[in-house]
Undergrad: 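Before I ask anything, here is the structure I am working with.
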Amino acid sequence: MHIAIAGGSGFVGKALTEELLKQGHDVYILTRNRSNKTDKPGLAYIQWLNKGDRPEKQLPHIEAVINLAGTSLNSGRWTDKRKKDIVESRMTATTEVRRIMAALDRKPDVFLNASAIGYYGTSETETYTEEDVLPASDFLSETVHKWEENTSKAQTLGIRTVFMRFGVILDKEQGALPQILLPFKLFAGGPIGSGSQLLSWIHIHDIVRAALFCLEKKEISGPVNFTAPAPATMSAFGKTAAASMHRPYWLPVPSPMLKLALGEKSMLVLKGQRVLPKKLLDNGFKFAYPALPKALAALLHD
């Protein structure tokens, strides 16, 4: 397949690109960086989002488009300016991807757009699947609702469209995991907040496999939860991490301290939700890392 990826320089984009190339696909990374060049077989960089860029004129027939572009939720405090950038970066990238697809003589067969389980809001008691349709309740859910509404307009082009609702992605070097594990490395790990908040997580390897599954499975469209089938409380997550790293689990981090340090962004670790990957499981997807101990062991001991 010929596949275009926006946001290919992020840790999900890099992992996905590597696997696609390994499987013999041709990948076209949409990039703002004019210095990006490569001699890697099957990989090309196409300029976009700069003045005068017309990537649709440089792309061959593209069978699939994957959009992962957007400002990271993890970088910096959520000031009003940062929150505006989080929303606008996603809306701008998604709108431009739709414009490109509309301008192509032959439309892609499938469009995978990043999204997030933030759609569901937070709860310590409810269990959410793709069948739950909920109103926006906080900044994250408002952002995801706007993002998916923009994404859904691609369906008017006759393109199968998937909203990849990512949970907390576990990766050895990037994302949330290194930040969560840092106190344990310093022998200062322990309960974060109440510890009862639920973490709906997924191993980076299963993110890539699930994306490829959605590319190939023509029956799948709409929202898809990219989460492992066994969410864990933050307390269980911490204890599993501590045991895997042979570190103590003892020093609590009170909620007020995190709120003071992180501001509104503290909700990423102080609040949670139980989100299950019903659509993936119903369509026969098999997780390589369905349970937390195996996932953390693989990441920490590779």
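What you are looking at is a predicted structure, and each value in this text was computed from that prediction instead of being measured.
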Undergrad: Would you say the side-chain atoms of Glu124 and Ser196 include a donor-acceptor pair closer than 3.5 Å?
TA: yes
Undergrad: Looking at Lys146 and Glu149, does any basic side-chain N land under 4.0 Å from a carboxylate oxygen?
TA: no
Undergrad: Between the side chains of Lys279 and Asp282, is the shortest nitrogen-to-carboxylate-oxygen separation below 4.0 Å, so that they form an ion pair?
TA: no
Undergrad: So, does Asn50 use its side chain to make a donor-acceptor pair with the main chain of Asp53 at under 3.5 Å?
TA: no
Undergrad: Between the main-chain N or O of Glu88 and the side-chain N or O of Thr92, is there a donor-acceptor pair closer than 3.5 Å?
TA: yes
Undergrad: Looking just at side-chain N and O atoms, do Gln273 and Ser123 make a donor-acceptor pair shorter than 3.5 Å?
TA: no
Undergrad: Measure from the side-chain N and O atoms of Lys271 to the backbone N and O of Leu268, and report whether any donor-acceptor pair falls under 3.5 Å.
TA: no
Undergrad: For Ser200 and Val275, indicate whether the former's side chain and the latter's backbone hold a donor-acceptor pair under 3.5 Å.
TA: yes
Undergrad: Can you tell me if Gln58 has over 12 outside heavy atoms packed within less than 6.0 Å of its CD?
TA: yes
Undergrad: Report yes if the side chains of Val65 and Ile5 come closer than 4.5 Å at any heavy-atom pair, otherwise no.
TA: no
Undergrad: Is atom NZ of Lys153 surrounded by more than 12 heavy atoms (other residues, nucleotides or ligands) closer than 6.0 Å?
TA: yes
Undergrad: Mind checking whether His301 and His246 have parallel, tilted or perpendicular rings, split at 30° and 60°?
TA: tilted
Undergrad: With rounding to the nearest 0.5 Å, note down the distance linking NE2 in His203 to CG in Leu292.
TA: 10.5 Å
Undergrad: Taking Leu276's backbone N and O only, do any of them form a donor-acceptor pair with Asn225's side chain (distance below 3.5 Å, no angle check)?
TA: yes
Undergrad: Is a side-chain N or O of Gln155 found less than 3.5 angstrom from the main chain of Thr161, in a donor-acceptor match?
TA: no
Undergrad: Check the surroundings of atom CD in Glu131: do more than 12 heavy atoms from other residues, nucleotides or ligands lie under 6.0 Å from it?
TA: no
Undergrad: Got more than 12 heavy atoms from elsewhere within 6.0 Å of NZ, Lys239?
TA: no
Undergrad: Taking NZ in Lys265 as the centre, count heavy atoms belonging to other residues, nucleotides or ligands within less than 6.0 Å. Is the count above 12?
TA: yes
Undergrad: Salt-bridge test for Arg165 and Glu130: reply yes if a basic N is under 4.0 Å from a carboxylate O, no otherwise.
TA: no
Undergrad: Determine yes or no for a side-chain-to-main-chain donor-acceptor pair under 3.5 angstrom, with Tyr119 supplying the side chain and Leu134 the backbone.
TA: yes
Undergrad: I'd like to know if the side chain of Asn150 pairs up with that of Arg90 as donor and acceptor (distance under 3.5 Å, no hydrogens or angles considered).
TA: no
Undergrad: Please answer whether the main-chain N or O of Leu20 pairs with a side-chain N or O of His25 as donor and acceptor at a distance below 3.5 Å.
TA: no
Undergrad: Do we see a donor-acceptor contact under 3.5 Å between the side chains of Thr94 and Trp147?
TA: yes
Undergrad: Met164 versus Asn113: any side-chain heavy-atom pair under 4.5 Å?
TA: no
